[in-house]
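Since the structure comes first, as structure tokens, the remarks are kept for the end.
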Number of protein chains: 2
Amino acid sequence: MMRLTRRTEYGLMALAWLARAGGRFHSVREITENLDVPRRLLAEILKDLSQAGLVEAVRGPGGGYRLREDPGRLTLGRIVNVLEGPTIFAECYQGDCDLSPRCTIKRGIGEVARRLEAVLEDFTLEEVVHGPAGAPAPSPSS
Amino acid sequence: MMRLTRRTEYGLMALAWLARAGGRFHSVREITENLDVPRRLLAEILKDLSQAGLVEAVRGPGGGYRLREDPGRLTLGRIVNVLEGPTIFAECYQGDCDLSPRCTIKRGIGEVARRLEAVLEDFTLEEVVHGPAGAPAPSPSS
DNA sequence: TAAATTAGCACCGGTTTGGTGCTCTTTCAA
DNA sequence: TTGAAAGAGCACCAAACCGGTGCTAATTTA
């Protein structure tokens, strides 16, 4: 539990990189040259992020991806939600529990789930990029 | 991400039931008669909890399982840790990141992981049993 | 000794996950 | 108008993970 999939890690890395690179559009090729992540896979991931509206895509020469919004406004919760689907902390909690009619944890577990989700909602891409309490971010090597 | 496995849900249900049943030892048979969870699987789960020292086991007739400690002192974090192994939020965070030498999220992601783990450490079995803010727990039907 | 119980281990089928191949569409520039 | 540079879409594969079961000990009580 509580482990990001590779897709999400790759996606975060790309988003973080885009946040620092800023400005113009950056192609998958360019990103993977700076990040070494499997190229085709990252393409798939960015496509999803594009469909979800987190990044903007432009095709053709000079095209690529660009953040659609301010990194300080983009929460980890949204990103994870896009790349891994809606969080289902426990069957119990989602209302369609078929584990047991006599389940003993329905009550408490919902609160735990809410607290966890709140943490993810509380972090923004910007904070992921800059690290805890304003640690200096290395400048993009490109 | 952030989804309990069935093993953990079952384990929690059993622990919660044991917390309420209290006192003597309760066999897997007895527990599953009250919880309908696959018997053999719950046996496996309780064995793990026993090896980890969260419950006490006694074999033979009249034997079974019993909580080894106060439900108010047993954190969700420990339970999840036993049943799902140590939490690895991201490869990055555990020091052995092989995703990229130029990873851009190492810095920030650690803090997120710590916050998430803190939430789990903050909840105890007792709170899971009683639900948010002292909702009345149904008495065991046995 | 017989029955009740946990312990240990191997196994199986289905789903998820990481990753790739191939083709199509869009766009720009020569 | 043509060619190359990009993203879009879809199908596919191998490996890992997960829920669940079977079978056989080992331990304990009566």
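It should be emphasised that the depicted structure is a prediction, and the values quoted were computed from it without experimental measurement. We name chains A, B, ... by the order of the sequence lines, and we start the count at 1 in each one.
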In terms of side-chain geometry, is the basic nitrogen of [X] or [Y] positioned less than 4.0 Å from the acidic oxygen of its partner?
X	Y	value
B:Arg3	A:Glu91	yes
A:Glu121	A:Arg114	no
B:Arg6	B:Glu9	no

Are [X] and [N] close enough that a side-chain N or O sits under 4.0 Å from OP1 or OP2?
X	N	result
A:Tyr10	C:dG18	no
A:Gln51	D:dG9	yes
A:Ser50	D:dG7	no

(message) side-chain contact (heavy atoms from CB on, under 4.5 Å) for B:Arg66 and B:Val55? Distances and angles first, verdict last.
(response) CA-CA 5 Å; B:Arg66 178 168 72 178; B:Val55 299; over 6 Å; no
(request) Check every atom of D:dG7, C:dT6, C:dG19 against the side chain of A:Leu41 and return the nucleotide holding the closest atom. (result)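 Nearest listed nucleotide: C:dG19.
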(message) Quick check for you: among C:dG18, C:dT6, D:dG7, whose closest atom lies nearest to any side-chain atom of B:Tyr65?
(response) C:dT6
(message) Could you tell me how far apart A:Arg6 (CZ) and D:dA15 (P) are, to the nearest whole angstrom?
(response) 16 Å
(request) Indicate, yes or no, whether a donor-acceptor pair under 3.5 Å links the base of C:dT25 to the side chain of A:Arg59. (result) yes
(message) Is it the case that D:dC10 (base atoms only) and A:Glu44 (side chain only) share a donor and an acceptor within less than 3.5 Å, ignoring hydrogens and angles?
(response) yes
